[in-house]
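Below you'll find the structure, written out as structure tokens, and then a few comments.
Per chain, numbering begins at 1; letters A, B, ... match sequence-line order.
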Number of protein chains: 2
Amino acid sequence: MPDTRKTIVDTARALFYERGYHATSLAQIQKACGVNGGSIYHFFKSKEALLIAVLENYLKQLEAEVMAPAFATTENPRERVFAVLDGYRRMLVESEFAAGCPIGNLALELPDAGPEVRQLIESNFDAWCGFIADCFEGAHVADGETRARLARLALTVMEGGILQARGRRSIGPFDEAVDQFRDYVDRVLDSVDEVDGHAVPSG
Amino acid sequence: MPDTRKTIVDTARALFYERGYHATSLAQIQKACGVNGGSIYHFFKSKEALLIAVLENYLKQLEAEVMAPAFATTENPRERVFAVLDGYRRMLVESEFAAGCPIGNLALELPDAGPEVRQLIESNFDAWCGFIADCFEGAHVADGETRARLARLALTVMEGGILQARGRRSIGPFDEAVDQFRDYVDRVLDSVDEVDGHAVPSG
DNA sequence: GTCTATATTAAGATAGAC
DNA sequence: GTCTATCTTAATATAGAC
């Protein structure tokens, strides 16, 4: 039994990812699916409804598709963070800088999206940061706020690195950004007070 | 003498900035300009040609519009970097997160743009980083590579912070990212070997 | 549930009068 | 150099046969 709905969501996901939301037409999605008619409207009432399904799919698949493969490469919690970042690096390189972070792309491309879309973008960011923060917990960062801040910085650096890499069509800026993040993590965690586990910096 | 060409470029610049390139039609630009006909084609042979003019305008105006106002707020070279970042913060807040970094938006939205567009995006990034690197020179960072790396990190953090702020419709992530960058700059510059001016970290 | 056909709207782009 | 009018294409979306 071919699950057409799933095929449509997967195809739309891939095309939105590589070309952007506005630049992808429903006709292109249909063609890539093999379905020839206005069949998308049997499952989704609008292009935005399809986008919402795609964002729900990202959220649901985040652990299995992004985190689990990265975590499988190392047991070291701190290194798991960098393994996740390396996954995005690989996608950048393999796609020749077409594919960066799907959620980041949409966050910038759809500044006036509806509330459902915005909420799902935020939920995807939150979930991503949650997994990364858990890695820092495994790395014995006792303070929850410090873990959360480092996780959000990981996202900041990743998105900024991807943006520059895509703008320059070079992986250099991404690698440099990750190196700088690693340097910062080392400095912060080295300055953690071992007694109560609180980081020294205030900011 | 009304300079229609300039009006068109300025208007297109503003609309591309707030709505994105694909989401802005030439009809909208014409309407916002007050010019009613297909007059844009008298000056530009295509929408992409207009985009190129906009990117050239950004490059030309970078110093006057972005750097000079920020630099006017303080003589302290290190603080000038943060004054520049604060300028983007203001635009984010005043536009209610519609307007982030115009170049960053285009870098993500136009992954398969023509060579002229890509080159101009890169030139804008380079020019921006050049001004910021010069600030670090004024802050007595003797090593040119360290200055360049910090400048690119400033861009990374700014773009990543803007992206999250827009995704979440909150200035919090941007402020946090700037705080973390300040913390990193403090740590790096404090660890600089005062004798030869080389930073300690390898990365 | 999938197809063909089409409605509707809007996009980028052009022609030609003035 | 600016206008009206229009061409062409392609977008989202719908209707209705099968």
Would you kindly give the [atom1]-to-[atom2] distance between [X] and [N], to the nearest whole Å?
{"X": "A:I40", "N": "C:dG1", "atom1": "CD1", "atom2": "P", "result": "15 Å"}
{"X": "B:K6", "N": "D:dG1", "atom1": "NZ", "atom2": "P", "result": "17 Å"}
{"X": "B:Q30", "N": "C:dA13", "atom1": "CD", "atom2": "P", "result": "12 Å"}
{"X": "B:Q28", "N": "C:dT9", "atom1": "CD", "atom2": "C1'", "result": "14 Å"}

Parallel, tilted or perpendicular for [X] and [Y], by the 30°/60° rule?
{"X": "A:Y58", "Y": "A:Y17", "result": "perpendicular"}
{"X": "A:H22", "Y": "B:H22", "result": "tilted"}
{"X": "B:Y184", "Y": "A:Y184", "result": "perpendicular"}

- [ ] May I have the step-by-step check of salt bridge (Lys or Arg N to Asp or Glu O under 4.0 Å) for A:R182 and A:D186, ending in yes or no?
- [x] CA-CA 6 Å; A:R182 182 185 284 277; A:D186 289 346; 5.5 Å; no

Check: [Y] main-chain N/O paired with [X] side-chain donor or acceptor under 3.5 Å:
{"X": "A:E109", "Y": "A:Y21", "value": "yes"}
{"X": "A:R166", "Y": "A:A98", "value": "yes"}
{"X": "A:T11", "Y": "A:A32", "value": "no"}

- [ ] Not counting sequence neighbours, which residues clear salt bridge (charged side-chain N to carboxylate O under 4.0 Å, His left out) with A:E56? List them please.
- [x]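 Once residues adjacent in sequence are excluded, A:E56 has no partner under the salt bridge (charged side-chain N to carboxylate O under 4.0 Å, His left out) criterion.
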
Open item on the list: As a test of reading the structure: which of C:dT2, C:dC3, C:dA13 is closest to the side chain of A:T4, going by heavy atoms?
Closed with: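 So the nucleotide nearest the side chain must be C:dT2.
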
Expected rows: protein N/O vs nucleotides 16-18 of chain D N/O, under 3.5 Å:
none

Open item on the list: Suppose the criterion is salt bridge (Lys or Arg N to Asp or Glu O under 4.0 Å): which pairs have a residue in residues 16-38 of chain A, not counting sequence neighbours?
Closed with: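 Of all non-adjacent pairs touching residues 16-38 of chain A, none passes salt bridge (Lys or Arg N to Asp or Glu O under 4.0 Å).
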
Task: Members of residues 10-26 of chain A that approach DNA chain C, where some heavy atom sits under 4.0 Å away - done: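 None, since no heavy atom is under 4.0 Å.
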
Task: Heavy atoms of other groups near B:Q28 CD, more than 12 under 6.0 Å - done: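 Above 12, so yes.
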
TODO: Tell me whether the OP1 or OP2 atom of C:dT14 has a side-chain N or O from B:Y41 closer than 4.0 Å.
DONE: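 Looking at the OP1 and OP2 atoms of C:dT14, neither is under 4.0 Å from any side-chain N or O of B:Y41.
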
Task: Members of residues 42-55 of chain A that approach DNA chain D, where some heavy atom sits under 4.0 Å away - done: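 Only A:S46, A:K47 qualify.
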
- [ ] Return the set of residues passing side chain to side chain contact (heavy atoms under 4.5 Å, CB included) with A:C135 (not counting sequence neighbours), or none when no residue passes.
- [x]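 Expected list: A:F71, A:R80, A:V81.
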
